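Below is one structure, written out as structure tokens, with a few remarks after it.
Throughout, numbering of the chain's residues begins at 1 and tracks the sequence. Please read all numbers here as calculations on a predicted model, not as lab measurements.
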Amino acid sequence: MTDQRILHVLVPGGQVSPFDLTMALDAGYDNVLPYTGAGADEVVPLVQDAIFCRPPKRFASTGVLIAGHDVNLATQMLELAQGALVPPFQVALYADPNGAYSTAAALVAMIEQTIDERDSNGFKDRKVAIFGTGPVGLCTAVLTAKLGGQPILCQLTESDDVNAAVRFCEHYGVVVPWVSALSQSGKISAVEHAGVVVTAAKAGVQILSKDVLSHAKQLVVAADLNAVPPSGIEGIGAMDNNVPMDVAQDVFFALGALAIGDMKYKLQKNLFRRMIDPNKPAAVIDFMGAYDEATNMLNRQNMLVQGDGEGQAAKAG
């Protein structure tokens, strides 16, 4: 009998994401078992129950997904889960609270690719203005800082939690300035010298108008994560992928929410498939690991396109 591939989903709150469940099943898991109300205190006993019920050689048949909405808690839970492993008894571990890890990874990899097509320096010394200080915004800030960028987190509402942002960034050894974008002048100041602009805020709300973007002097890429009309950045279409726009003081390139979402979808499925691959070591995946996989996916995609182009040229010759 073939091993049943089981994914245990630890959720600190009371709801499990249907998206995560569906993605895991479509990627190859046979059973997805949710544990709601499972916070930091429950991680170690649950993970050790999972690792000891099967022999080590069947490690790829069991996985643990840490979900929920709180990125600081997810970071803590992933570390606890990793510490609960007792080699050779291991299982694959993957944290993706609110889908933020895979979304931010897909977003940053796509932005980097778009920049690299014009400037091989990538994020190096480039100001990245991130509008939205929730889970995706925080992960994007840390990733771009790690890649040599100069991210700023732009506060859009009085309720934005600066303390949660500071804790998250400090955990990963980066300092990300927090600036006010509560007013039109604050938004203009944030974009004026930005090389990259990201809107990752409330759905259905336009964050940046064309008038604000017209003040941008060094903009290369603008990425919007709002799939609910109107777009978070005026003029960007949901399916835009590396589409040139002439709104700022120079042409920049747009990434829309559904184009990014398509990459996120493929990335998350690949990460689940990585977890059940018995030919690779047991995975431990956070948003930085997800970014590495997203980059590899885009590189493979580019190689296929280039190879196809060379093949077509050879036929034509």
Side-chain angles (χ1 to χ4, degrees), residues 103-133 136-156 160 165 169 174-201 205-226 230-238 240-257 259-260 263 291 294-295 298 302:
T103 300
L107 167 70
V108 171
M110 290 179 71
I111 293 173
E112 186 175 39
Q113 180 188 60
T114 303
I115 294 173
D116 284 346
E117 290 180 5
R118 290 144 192 104
D119 180 352
S120 60
N121 287 327
F123 283 103
K124 182 173 173 57
D125 298 327
R126 206 178 297 274
K127 181 178 176 182
V128 182
I130 303 164
F131 293 84
T133 61
V136 175
L138 295 181
C139 294
T140 300
V142 171
L143 278 171
T144 53
K146 292 285 190 183
L147 292 167
Q150 299 176 351
I152 59 172
L153 284 164
C154 305
Q155 181 184 12
L156 292 170
D160 287 355
C169 293
V174 301
V175 177
V176 180
W178 179 280
V179 303
S180 174
L182 298 172
S183 65
Q184 190 83 339
S185 62
K187 293 176 182 179
I188 290 172
S189 177
V191 306
E192 189 174 11
H193 298 292
V196 175
V197 166
V198 173
T199 52
V205 176
Q206 187 177 100
I207 306 302
L208 299 177
S209 65
K210 288 183 178 180
D211 179 62
V212 169
L213 288 180
S214 70
H215 294 270
K217 299 175 181 177
Q218 301 171 21
L219 191 58
V220 180
V221 180
D224 176 39
L225 287 166
N226 176 26
S231 60
I233 302 176
E234 185 179 6
I236 291 186
D240 285 354
N241 189 352
N242 201 2
V243 174
M245 296 187 69
D246 189 5
V247 178
Q249 296 184 23
D250 201 352
V251 172
F252 64 92
F253 297 85
L255 297 172
I260 299 165
M263 180 63 188
Y291 158 78
T295 300
L298 289 174
N302 289 339

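Summarising the geometry of Val136 relative to Ala200, their closest heavy-atom pair is CG1-CB, 4.3 Å, with the distance given to 0.1 Å. What you find for Thr140 and Ala104 is that their closest heavy atoms are OG1-CB, 3.7 Å. Closest approach of Pro151 and Val176 over heavy atoms only: O-CG1, 3.5 Å. Nearest heavy-atom pair, Ala165 versus Leu153, reported as atom, atom and distance to 0.1 Å: CB-CD1, 4.2 Å. When all heavy atoms are compared, the tightest approach of Ala201 to Leu156 is CB-CD1, 3.6 Å. Scanning all heavy atoms of the two residues, the minimum distance from Met245 to Ala254 falls at SD-CB, 3.5 Å.
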Practice item. Give the intermediate values and the outcome of side chain to side chain contact (heavy atoms under 4.5 Å, CB included) for residues Asn226 and Thr199. Key: CA-CA 8 Å; Asn226 176 26; Thr199 52; 5.7 Å; no
Exercise for review: Starting from the C-alpha separation in whole Å, work towards a yes-or-no answer on side chain to side chain contact (heavy atoms under 4.5 Å, CB included) for Val175 and Cys169.
Suggested key: CA-CA 6 Å; Val175 177; Cys169 293; over 6 Å; no
**Study point:** Evaluation steps, side chain to side chain contact (heavy atoms under 4.5 Å, CB included), between Phe123 and Leu143
**Key:** CA-CA 10 Å; Phe123 283 103; Leu143 278 171; over 6 Å; no
Practice item. Given side chain to side chain contact (heavy atoms under 4.5 Å, CB included), test Ile111 with Val198 step by step and report yes or no. Key: CA-CA 10 Å; Ile111 293 173; Val198 173; 3.8 Å; yes
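To the nearest 0.5 Å, the span separating CG on Leu255 from CG on Leu225 amounts to 9.5 Å. Residue Glu234 holds its CD atom at 8.5 Å from CG of Leu213, rounded to the nearest 0.5 Å. Here the SG-CG distance, from Cys154 to Leu182, works out to 10.5 Å after rounding to the nearest 0.5 Å. Distance CG/Leu298 to CE/Met110: 7.0 Å, rounded to 0.5 Å. Between the CG atom in Leu107 and the CD1 atom in Ile260 there is a gap of 5.0 Å [rounded to 0.5 Å]. Put simply, CD on Gln206 and CD1 on Ile233 are 9.5 Å apart, with the number rounded to the nearest 0.5 Å.
Under a 3.5 Å cut-off, the side chain of Lys187 and the backbone N or O of Ile207 do form a donor-acceptor pair. Remark: side-chain polar atoms of Ser189 are not paired, donor with acceptor, to backbone N or O of Gly186 under 3.5 angstrom. No donor-acceptor pair under 3.5 Å is formed between the side chain of Asp160 and the backbone N or O of Gln155.
Proximity of Val247 to Phe252: side-chain heavy atoms (C-beta onward) are separated by under 4.5 Å at one or more points.
Screening residues 106-125 for salt bridge (Lys or Arg N to Asp or Glu O under 4.0 Å) gives Asp119-Arg126 as the qualifying pairs, with residues at least two apart or on separate chains.
In this structure, the salt bridge (charged side-chain N to carboxylate O under 4.0 Å, His left out) partners of Lys217, at least two apart in sequence or on a different chain, are Glu192.
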